[in-house]
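No hydrogens, no waters, no symmetry mates; every other heavy atom, side chains included, goes into these values.
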Amino acid sequence: VTGDFKFIELAVDKDTIVAGTTASLRVFGVSDASKVELTKQSTYEVDKKDVGVMHETIPALLVGKSQGDVEVTARFKGLSAKKKVSVQEVTIEKIEVTPKTITVGSKQQFYATGFKSDGTTQDLTNEVEWTSANPLVIEPQPEVKKGVFLGVRAGKTNIGANYNSKIANSAVEAKLMQLSSLAVEVDLPSVLFGTKVQLRAIGTYTNGSKGDVTGSVKWRSLTELLAS
C-alpha cells in the first residue's frame, strides 16, 4: 500500500458481542483523494485482555471473553484508531419444554432446553423448577426434579419450567392410551385336525407398552373349513 494517509478509520461489525463470540474489524486509510482498506496491513491490540482478545490466527477478529468494555486500537505506519466494544455474558434467552403430549396412566419424562444468547443450547432438565398448572390432569411425580409427570386424565394443561426467573409454560395434552397394533401369538405353529389350540392377542399401545387383549377382541377364522 502506498500513499500518504491523513488518518485511519477503525470499523467494527458489532458494537456489542456475547462472551465466546466475535466481532470483525476493518481499517481504512483516508487521504484527500481516496479511502483505502488497510485491514490486513494493520496491527491490533486491546486494553483489557480479560474482557476481549484478538484471535490467534485471524488478526482482525476480536473474541469476547467476559462481561465488560474493551477498547481495540488499530495501528498503521504511525497512525492509530480506537473502537470500544461491549462484551456481555452468555445468558439463557428462552426455554423450550418437550414433549407436548403424555399418555393417561403413564409416566412421562419432560425435557427443558435453554437457548443461549451465543446461539448454543443447554440441557436444563435437571436444573429447572417443574410445575403443573393442573395436577388433576398431569401430576408431578416424586422424580419431578428430573421432569417426570404422570398423565392422570384426558385434557390439556401447562407444564412450567423455571430457570433463574426465566419461565417457560408449555401447553401439554394428556391423551388416552390407544391401541396401535395387534399381533396373534400361538404356542404351536401347527396342530392336528380336530384338536384345539389357544391363541393370544397381544396389543401394542401408543405409549409403546404391550398387553394381552385376548378376551377383548372379536375372533374369526379367515378359512372356516380349516379352523373355527
Side-chain angles (χ1 to χ4, degrees), residues 1-99 109-131 143-148 159-170:
V1 176
T2 59
D4 295 325
F5 300 109
K6 288 188 173 183
F7 60 91
I8 62 173
E9 292 179 349
L10 174 59
V12 60
D13 66 340
K14 296 184 285 286
D15 292 326
T16 302
I17 60 175
V18 175
T21 64
T22 60
S24 297
L25 310 175
R26 297 181 71 185
V27 178
F28 299 91
V30 181
S31 65
D32 290 334
S34 63
K35 185 175 182 179
V36 180
E37 183 163 2
L38 304 172
T39 302
K40 293 183 179 180
Q41 295 85 355
S42 301
T43 59
Y44 306 87
E45 60 187 54
V46 297
D47 66 337
K48 298 177 183 177
K49 292 185 178 181
D50 59 326
V51 177
V53 295
M54 301 309 301
H55 195 280
E56 293 182 356
T57 59
I58 308 174
L61 195 65
L62 175 69
V63 181
K65 292 188 66 178
S66 63
Q67 186 172 351
D69 293 332
V70 58
E71 188 174 72
V72 183
T73 301
R75 302 185 187 279
F76 177 80
K77 292 185 177 181
L79 300 175
S80 65
K82 300 178 183 292
K83 201 77 173 180
K84 184 177 288 187
V85 177
S86 294
V87 181
Q88 298 179 346
E89 291 288 355
V90 178
T91 58
I92 300 293
E93 294 188 327
K94 71 172 184 175
I95 301 172
E96 181 177 293
V97 173
T98 55
Q109 168 78 62
F110 286 84
Y111 300 92
T113 302
F115 291 81
K116 301 162 74 173
S117 53
D118 63 353
T120 62
T121 60
Q122 180 180 344
D123 183 1
L124 300 175
T125 302
N126 295 330
E127 299 180 52
V128 299
E129 179 183 353
W130 292 97
T131 58
E143 317 96 302
V144 70
K145 289 185 177 180
K146 296 181 179 181
V148 179
I159 297 297
N162 186 337
Y163 179 79
N164 292 339
S165 299
K166 180 73 69 174
I167 302 174
N169 284 304
S170 179

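The one candidate from T22, V46, I58 that meets the side chain to side chain contact (heavy atoms under 4.5 Å, CB included) condition with V63 is T22.
To the nearest 0.5 angstrom, T131 atom OG1 is 7.0 Å from I159 atom CD1. Considering CE of M54 and CG of L61, their distance stands at 7.0 Å, rounded to 0.5 Å. In this structure, S31 OG and F7 CZ are separated by 9.0 Å, a value rounded to the nearest 0.5 Å. Atom CD in Q88 sits 5.5 Å away from atom OG1 in T16 (nearest 0.5 Å). Here the straight-line distance linking atom CD1 of I92 with atom OG of S117 works out to 8.0 Å at 0.5 Å rounding. One finds the CG atom of D13 at 8.0 Å from the CG atom of L25 (value rounded to the nearest 0.5 Å).
Contacts of D32 classified as salt bridge (charged side-chain N to carboxylate O under 4.0 Å, His left out), with partners at least two apart in sequence or in another chain: K6.
Between G29 and I8 the shortest heavy-atom distance is CA-CG2, 4.1 Å. Contact detail for A161 and V128: the closest heavy-atom pair is CB-CG2, 3.9 Å. Between K116 and T121, the shortest heavy-atom contact is CD-C, 4.2 Å. Scanning both residues, A74 and V27, for their nearest heavy atoms gives CB-CG2, 3.7 Å. Across all their heavy atoms, D123 and A112 have their closest contact at OD1-O, 3.4 Å. Residues S66 and V87 approach most closely at O-CG1, 3.1 Å, considering heavy atoms.
Formation of a donor-acceptor pair under 3.5 Å by the E96 side chain with backbone atoms of T113 is not found in this model. Formation of a donor-acceptor pair under 3.5 Å by the Q109 side chain with backbone atoms of K146 is found in this model. Counting only distance, with no hydrogens or angles, the side chain of T21 and the backbone of D118 share no donor-acceptor pair below 3.5 Å.
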Side chain to side chain contact (heavy atoms under 4.5 Å, CB included) evaluation trace for L62 with V85: CA-CA 9 Å; L62 175 69; V85 177; 3.9 Å; yes
Stepwise, does the side chain to side chain contact (heavy atoms under 4.5 Å, CB included) test hold for L10 with F76? CA-CA 11 Å; L10 174 59; F76 177 80; over 6 Å; no
Check the pair T125, W130 against side chain to side chain contact (heavy atoms under 4.5 Å, CB included), reporting the backbone distance first and the verdict last. CA-CA 9 Å; T125 302; W130 292 97; 4.2 Å; yes
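Counting heavy-atom neighbours within 6.0 Å of K145 NZ, excluding the residue itself, gives a total of 12 or less. No more than 12 heavy-atom neighbours from other residues, nucleotides or ligands sit within 6.0 angstrom of CD on E129.
Every pair passing salt bridge (charged side-chain N to carboxylate O under 4.0 Å, His left out) that includes a residue from residues 41-69 is listed here, sequence neighbours excluded: E45-R75.
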